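Structure first, commentary second.
Here the structure is a predicted model, which is why all the values come from computation and not from measurement.
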Amino acid sequence: MIDIRHLEVAYGHARVIHDLNLTLSPGEMVFIVGRNGAGKTTLLKTIAGLLKPTQGEIVFEGRPVAGEPPDKLARSGFRFVAQDKKVFSSLSVRSNIELAAHGAGEPVEVAWKKAVEIYPKLAEFRALPAGRLSGGQREILLIGRALVGNPRLLLIDEPTEGLAAIVIEEIFRILKGMRQTVSAIIVEQNLSIVKRLADRIYVMKEGRIIREINDQSGITDSARLENYL
Amino acid sequence: MTAATDLRGFAVRPYSPWGIVRELAIVAAGLLLLSLVIKLHWMTNFMIFFILVLSFDLLYGFMGHLSFGHMLYFGAGAYGTALWLVYGGKSPLIALAVGMLAAALLAAGLGRIVMRTHGAPFALINMAFNEIGHFMIQSPLSGVTQGEDGLSCSADNIFGIINLYKDGWAFGFAAVMLLAVFALLRVLTASPYGILVRSIKENEQRVKFLGYNTFRYKWVTFVIASTVAALSGGMFTLVQGFISPRVISPFGNVDIIFAVLIGGAGTLYGALIGGTVFMLIKNFLPVLIPELATLLNMKLPQWEMWLGIVLLVIVFSVRKGIVGAVLAKWRQRPCGSTT
């Protein structure tokens, strides 16, 4: 699906990702954990085309895509849900989905139906400006929008950060529903979510992947995971 | 959630043919009301200015690109029309089309450069091109444009009947064109394309994440806004029968920006209301200030200074413009309230 080899990323002269290798198979849900400043968001931004790597390769379905612009990657099926939960706040909830549908070449009604299926309350908020949604509802809208069209790879940055427990469970339910159907790389600090959803975990520290956890006992070992945060 | 809340919250109002007709009727009624208190030839100038402000609102209000060089396209339309009338033929509609085409081609070319920038560089690069255009008209092209002396031109009647040098016909012609531009922009801004343009204003990066080549949409919007500005420039030429380099002067941009800020950027009604308030201030202060000075028997500063003060007060007291302030009040009403 995606194969990242010897990736190096820098902000000016400051290198923030060093010789990073990562793979993702079709339908796999991979989580990236690590302390603040480990380079997790930088990695997602680089895969999404927001940053150009200084070295290394990102190969998506056999095609090198490193440094391609975000719109081209989006047309290849990449979807990036950023950490800041920014929706198009002056547009209605429905228009947010419409915009994604037009971009992905999917009929608006189909896209809207899919979004409502993952979170029925969206139907209630249909005409509301998206800026008036709560943080959790915005995150759900963003995930719903990312699922419009035919997403091949979801890149989600800290989907539960700053959200109430009840909303976190809602997001867990949505992510769980996506398992096996779409490949995803998710940056997450909430270990209860990670433990229940991860097929594999990469641990990042100071711009490097220091551990790959792919056995079920390791994935569910809270005490061990806590050490990496 | 009540239906009332739904309607109030809907950020991009959908349109229907009847809805458009209703809105055009409202605008037409407003124009007729204004024409009861303002002389027809002034009203014609007002409406030409409204079209220019609407075109700028598409660029700045809807897409978020503040240009200090929009007058370049007004001037290109004005000079394109005038030059056709002088050196080409006397048909006003063909002359208008030539002016618009000239400006569209100019915008298409320059748009490839300016739309790669945003913020202050966008504003200043546009101003630089505007200044170059102003200079070209004044000096290197003075052989055909008559430079500072200006260019006189005359057109035949439209369809052999409509004489644009008569106030009534000119008023009617400007009103029809204004309503047509309003309808066009209303449909455009409520369409998926309009939603996209608004989204670019809000967060261009996120629009790219949805798979859109935003440059292409920005460029098209720039060309449309410039062509509409050229329409108003061409109409100015047809109605006045004379133009000078003033029509392409970068100083004119200040008027458009103030009008949009007064009315409220990003709403077509804001452009019309802002244009009206600005034109009223600009046209009546030069009359009122000398009269007031005589009445008070004292020397008052020139009217331009009062214009600046009045505009500053308006812009700072209603930061989102008149329409923005009214909409904000409307949205603050408790849910379910119908009054």
[X], [atom1] atom: more than 12 neighbouring heavy atoms under 6.0 Å:
X      : atom1 : value
A:K114 : NZ    : yes
A:R179 : CZ    : yes
B:F222 : CZ    : yes
A:H18  : NE2   : yes
B:K201 : NZ    : yes
A:Y11  : OH    : yes

(message) Checking an interface table here. Which of residues 151-169 of chain A come within a heavy-atom distance under 4.5 Å of chain B?
(response)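 Listed by number: none.
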(message) Using only non-hydrogen atoms and a strict under-4.5 angstrom cutoff, which residues of residues 54-84 of chain A touch chain B?
(response)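 The residues closer than 4.5 Å to chain B, in numerical order, are A:P70, A:D71, A:A74, A:R75, A:F78, A:F80, A:A82, A:D84.
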(message) Could you check whether any side-chain heavy atom of B:I195 comes within less than 4.5 Å of a side-chain heavy atom of A:H102, counting everything from C-beta outward?
(response)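 A side-chain contact is absent here, since even the closest heavy-atom pair is not under 4.5 Å.
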(message) Tell me the closest heavy-atom pair linking A:V87 and B:E202, and the distance in Å.
(response)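 Heavy atoms of A:V87 and B:E202 come nearest at O-OE2, 3.3 Å.
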(message) With side-chain contact (heavy atoms from CB on, under 4.5 Å) as the criterion, how do B:R198 and A:F88 come out once you've worked through the C-alpha distance, each side chain's angles and the decisive distance to 0.1 Å?
(response) CA-CA 9 Å; B:R198 281 165 180 259; A:F88 295 111; over 6 Å; no
(request) Could you tell me whether the side chain of B:Y212 and the main chain of A:L99 form a donor-acceptor pair under 3.5 Å? (result)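 Checking the backbone N and O of A:L99 against the side chain of B:Y212, a donor-acceptor pair under 3.5 Å is found.
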(message) If we ignore hydrogens and angles and just use 3.5 Å, is the side chain of A:E98 paired with the main-chain N or O of B:P192 as donor and acceptor?
(response)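 Pair absent, no side-chain N/O of A:E98 close to backbone of B:P192.
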(message) Under 4.5 Å from any heavy atom of chain B, what part of A:V93 do you find: side chain, backbone, both or neither?
(response)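 Neither; nothing under 4.5 Å.
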